[in-house]
Amino acid sequence: MALRGAACVLLRAAGDVSLKPHARGLRSTAVLCHWSPPLGPMPNEDIDATQLDSLEKYRSYTRYVRAAEEADRRDVWWKTYRQYREEETKEAVAPINIGLPYQRPSRKTEVKERKKIVKENKKSPEIERENRLRTFRISLDRVKTQWEKTNGPFHIQRLAEHYRIYQDLFPMAYFLPRVMLHVAYGEDSDAVVHFGNHLTPSQAAQAPRIRFEAEENSLWTLLLTSPDEHLLDAEQEYLHWLVGNIPGNAVTSGEEVCHYISPFPAKGSGFHRYAFILFKQDGPVDFSADLRPSP
């Protein structure tokens, strides 16, 4: 009743000011709200809802998938969900690559080195004997090193996209992590940071050990941030650690702009994301205006 009364008051006030224009406007609105007939048959229009038991059964998941694929390829007069998504993708601006430049070695060189290794392995009597006795073992460290140089960056990029790191920290940008960052907590490095594993706040109470490969004359900036901890503004984040002007891979020799703050997720707020990000500097950066007091 309250809503209806308010509407009447508004319509009455409009009528007192000018009756004819508003009446014309109401008539045009009625015409615009007219429903037009569909341009073709509606989906499942030929199915009788009262005779569902008489419909042909699929009898197997394979037949159902085959029928679904045939229906998907059939032309329809309405716009499908896939077409809507394709239009949104075309209208969206392509993200910018802000990563380090990378030049992949020639395929010819890679094949040549691979053939050389295979040839050396075939000449080794020790490898031949271990293969024959089924005692040959492959070092997982060597496998991981090879993975980091080949498919590792692409796998990490897919994980970062899965956890929405680019979307929440770098809107309209992305990068391929070419430099492998090894992070471990604890005196014995028993709490290792992987790509999405869970750690407790007690395990991350102290600053971790950071290891990565870098040139001697290069400068780096290390950042630890959490896009989930700020409970008042979803667009902001809490800075947990910032070390700039790191010479080579000596993190302890860098300039600590913001001292390490251990994670403090609020109770009942679920799991929080913490991202270690490594930036390469073109030269020394003056962080004097951004220094934070410690503690």
Side-chain angles (χ1 to χ4, degrees), residues 98-100 141 144-145 148 152-153 155-157 159-160 162-166 168-170 175-233 236-267 269-295:
I98 60 174
L100 296 175
D141 294 335
K144 185 178 181 181
T145 302
E148 292 177 351
H155 293 170
I156 298 174
Q157 182 186 16
L159 288 171
H162 172 74
Y163 289 110
R164 299 170 60 92
I165 298 299
Y166 299 127
D168 293 342
L169 296 182
F170 304 96
F175 62 91
L176 194 64
R178 291 294 178 184
V179 180
M180 290 296 165
L181 196 62
H182 303 275
V183 184
Y185 284 96
E187 297 180 357
D188 301 331
S189 300
D190 52 350
V192 180
V193 176
H194 297 291
F195 310 105
N197 59 322
H198 296 166
L199 294 179
T200 61
S202 59
Q203 290 177 311
Q206 303 297 328
R209 291 179 173 84
I210 307 294
R211 180 172 55 87
F212 61 93
E213 296 182 1
E215 300 85 0
E216 294 183 359
N217 299 326
S218 60
L219 293 175
W220 303 81
T221 295
L222 178 66
L223 168 71
L224 172 60
T225 182
S226 173
D228 299 328
E229 277 191 340
H230 206 293
L231 302 180
L232 300 180
D233 190 353
Q236 296 187 14
E237 57 197 84
Y238 279 130
L239 177 64
H240 283 262
W241 200 20
L242 182 61
V243 184
N245 295 324
I246 301 174
N249 56 1
V251 179
T252 55
S253 302
E255 182 181 0
E256 194 172 46
V257 182
C258 176
H259 66 283
Y260 180 80
I261 303 176
S262 60
F264 51 93
K267 184 177 180 180
S269 58
F271 292 107
H272 289 200
R273 296 168 296 169
Y274 296 87
F276 289 88
I277 305 172
L278 190 66
F279 300 90
K280 188 174 185 180
Q281 303 176 196
D282 293 334
V285 179
D286 184 12
F287 290 103
S288 57
D290 300 319
L291 290 175
R292 297 294 186 267
S294 178

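All residue numbers in this chain count up from 1 along the given sequence. No experiment lies behind these values; they were computed from the predicted model shown.
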> Going through the distances and angles, do E148 and H182 end up as a side chain to side chain contact (heavy atoms under 4.5 Å, CB included)?
Replying inline: CA-CA 11 Å; E148 292 177 351; H182 303 275; 3.0 Å; yes
>> Evaluate L181 against L222 for side chain to side chain contact (heavy atoms under 4.5 Å, CB included), listing each step before the verdict.
In response: CA-CA 10 Å; L181 196 62; L222 178 66; 4.1 Å; yes
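Listed here is the closest heavy atom pair of P227 and D168: CB-CB, 4.5 Å. Between F271 and D228, the closest heavy-atom pair is O-OD2, 4.4 Å. Nearest heavy atoms, A266 versus H272: N-CE1, 4.2 Å. The heavy-atom pair separating V183 from P208 by the smallest distance is CG1-CB, 3.7 Å. Taking both residues in full, the closest heavy atoms of F287 and G244 are given as CE1-CA, 3.7 Å, listed atom of the first, atom of the second, then distance. Y166 and P177 make their closest contact through OH-CD, 4.1 Å (heavy atoms, listed as atom of the first residue, atom of the second, distance).
For E213, the CD atom counts as loosely surrounded, since its 6.0 Å shell holds 12 or fewer non-hydrogen atoms of other residues, nucleotides or ligands. No more than 12 heavy atoms of other residues, nucleotides or ligands lie within 6.0 Å of CG in N217, so this atom counts as exposed by the packing criterion. Counted within 6.0 Å of CG on D233, heavy atoms from surrounding residues, nucleotides or ligands total more than 12; the atom is thus considered enclosed.
The ring pair (Phe, Tyr, Trp, His ring centres under 6.0 Å) check on Y274 picks up H240, with sequence neighbours excluded.
Between K280 and E215, the closest side-chain pair of non-hydrogen atoms falls below 4.5 Å. You'll find the side chain of P265 reaches within 4.5 Å of the side chain of E229, heavy atoms only. Looking at E237 and L169, their side chains come closer than 4.5 Å, going by heavy atoms from C-beta outward. Put simply, the side chain of H259 does not reach to within 4.5 Å of the side chain of P293, judged on heavy atoms.
Rounding to the nearest 0.5 Å places CD1 of I246 at 6.5 Å from OG1 of T221. The distance from the CZ atom of F170 to the CZ atom of F175 is 5.0 Å, given to the nearest 0.5 Å. Note that the CD1 atom of I165 and the CD1 atom of I156 stand 12.5 Å from one another [nearest 0.5 Å].
Of the possible polar contacts, one joining the R273 side chain to the Y163 backbone as a donor-acceptor pair under 3.5 Å is found. Listed for the R209 side chain is a donor-acceptor partner under 3.5 Å among the backbone atoms of G186. A side-chain donor-acceptor contact under 3.5 Å links R292 to the backbone of D290.
Note: W241 and Y260 have perpendicular aromatic rings, judged against thresholds of 30 and 60 degrees for the angle between ring planes.
Considering V257, V243, L239 in turn, L239 is the only one that fulfils the side-chain contact (heavy atoms from CB on, under 4.5 Å) rule with L223. Only one option out of V251, N245, N249, V179 pairs with W220 in a side-chain contact (heavy atoms from CB on, under 4.5 Å); it is V179. Between Y185 and the choices V192, D190, L199, the side-chain contact (heavy atoms from CB on, under 4.5 Å) rule is met once, by L199.
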